[in-house]
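Below is one structure, written out as structure tokens; the observations come after it.
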Amino acid sequence: MILDRSFFARSVHEVAPALVGCTLLVDGVGGTIVEVEAYDAADPASHGYRGQTPRNRSMFGPPGHAYVYRSYGIHWCLNLVCGEEGTAEAVLVRALEPTQGLETMATRRGLDDPRLLCSGPGRLCQALGITAAHDGLPLDAAPFELREPAGEAEIVRGTRIGLTQAADVPWRYALAGSRFLSRPVRS
DNA sequence: CACAGGATATACT
DNA sequence: GTATATCCTGTGA
């Protein structure tokens with residue numbers, strides 16, 4: 001089942017756990033989502049918290065689209081816009097278990113250890129070739145491909161990574177027991 | 001484990 | 001204008 005806009009047109013706190021276990025591909029390269037974080041409009045750690053800027057414009061656009069931003073001046077990070085248009089809710093995709101296009105990802109990343117290909121938001125963008133060119137693109141059309149998992153995924157909740165604001169809310173969701181997380185889950 | 005690397009935004013002078 | 005913080009990663013101690 002392909003995830004369409006209606007999947008994302010609800011609270012980010014429903015969408016985030018539902019995304020764990022889904023398959024994410026860009027031009028046929030990618031894998032299973034094993035780690036995400038939720039950000040909503042009332043969240044001081046969210047880019048949308050202080051209103052719209054040129055950088056976070058697509059976070060305020062319609063759900064079911066990508067919001068790609070540059071982090072620490074170096075890395076790209078991929079977010080999936082949720083909620084209703086203008087609510088500025090999004091899921092940060094933090095880690096994948098690589099399953100398709102391993103060779104392409106290894107070339108882009110300059111290494112071939114599968115555990116280091118997509119275990120972190122900046123890493124997975126480099127492995128999938130995600131850049132500002134993907135900002136604002138719909139997730140239900142090429143080059144993106146997003147599919148629901150075959151079975152039920154067992155999910156663990158924890159606190160988010162790298163924050164000083166709202167560091168205590170458990171809005172990080174991960175696939176239980178996955179070896180491909182960016183960091184162990186802390187609750 | 002420490003720290004450089006350096007875009008974007010905000011909060012000051 | 002300058003300073004500080006940030007949804008991070010690679011490298012070298």
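Chain letters run A, B, ... following the sequence lines, proteins first and then strands; every chain starts at 1.
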Counting only side-chain heavy atoms from C-beta out, which of dT9(C), dA9(B), dG6(B) sits nearest to I74(A)? dG6(B)
Would you say V36(A) and V68(A) are hydrophobically clustered, going by side-chain heavy atoms of ILVMFWY under 4.5 Å? yes
Under 4.0 Å from OP1 or OP2 of dA9(B): is there any side-chain N or O of T53(A) that close? yes
Flag the pair R160(A) and D43(A) as a salt bridge only when some basic side-chain nitrogen lies within less than 4.0 angstrom of an acidic carboxylate oxygen. yes
Protein-nucleotide distance (M59(A), atom CE; dC7(C), atom P), rounded to Å: 11 Å
Using a distance-only test with no angle check, is there a side-chain donor-acceptor pair under 3.5 angstrom linking Q126(A) and R108(A)? no
d(CG, L117(A); P, dG10(C)) in whole Å: 11 Å
So does H47(A) get a side-chain nitrogen or oxygen closer than 4.0 Å to the phosphate oxygens (OP1/OP2) of dA9(B)? no
Rounded C1' spacing from dC1(B) to dC7(C) in Å: 23 Å
Would you indicate which nucleotide in dA9(B), dC7(C), dT9(C) comes nearest to any side-chain atom of H75(A)? dT9(C)
Residue mapping more 5' on DNA chain C - nearest nucleotide basis, P121(A) or Q165(A): Q165(A)
For a quick check of understanding: with a heavy-atom distance under 4.0 Å over all strands, which category does R123(A) fall into, base, sugar-phosphate or nothing? sugar-phosphate
What class does the angle between the rings of H13(A) and W171(A) fall in, given that below 30° is parallel, 30 to 60° is tilted and above 60° is perpendicular? tilted
Separation of R57(A) atom CZ from dA9(B) atom P, in whole Å? 12 Å
Given that both distances must come in under 3.5 Å, which nucleotide forms a Watson-Crick or G-U wobble pair with dA4(B)? dT9(C)
Compare the aromatic ring of Y69(A) with the six-membered base ring of dT8(B) and state whether they stack according to the 5.5 Å and 30° rule. no
Specify the separation, in whole Å, of atom CH2 of W76(A) and atom P of dT8(B). 7 Å
Figure out the OH/P separation between Y72(A) and dC8(C), and round it to whole Å. 5 Å
Between CZ of R115(A) and C1' of dT9(C) the distance, given in whole Å, is 17 Å
Find the distance E35(A):CD to dC7(C):P and express it as a whole number of Å. 15 Å
Contact class for R172(A) vs. all strands (heavy atom < 4.0 Å): base, sugar-phosphate, or nothing? nothing
Taking the ring of H47(A) and the ring of Y69(A), is the distance between their centroids below 6.0 Å? yes
Classify the nucleic acid contact of S46(A) as base, sugar-phosphate or nothing, counting any heavy atom under 4.0 Å across all strands shown. base
Distance, rounded to the nearest Å, where R70(A) contributes CZ and dA9(B) contributes P: 13 Å
Determine whether the side chains of E35(A) and S182(A) contain a donor N or O and an acceptor N or O closer than 3.5 Å. yes
At under 4.0 Å between heavy atoms, what does L163(A) touch on the DNA or RNA strands: base, sugar-phosphate, or nothing? sugar-phosphate
Nearest of dG5(B), dG10(C), dC7(C) to any side-chain atom of R109(A)? dG10(C)
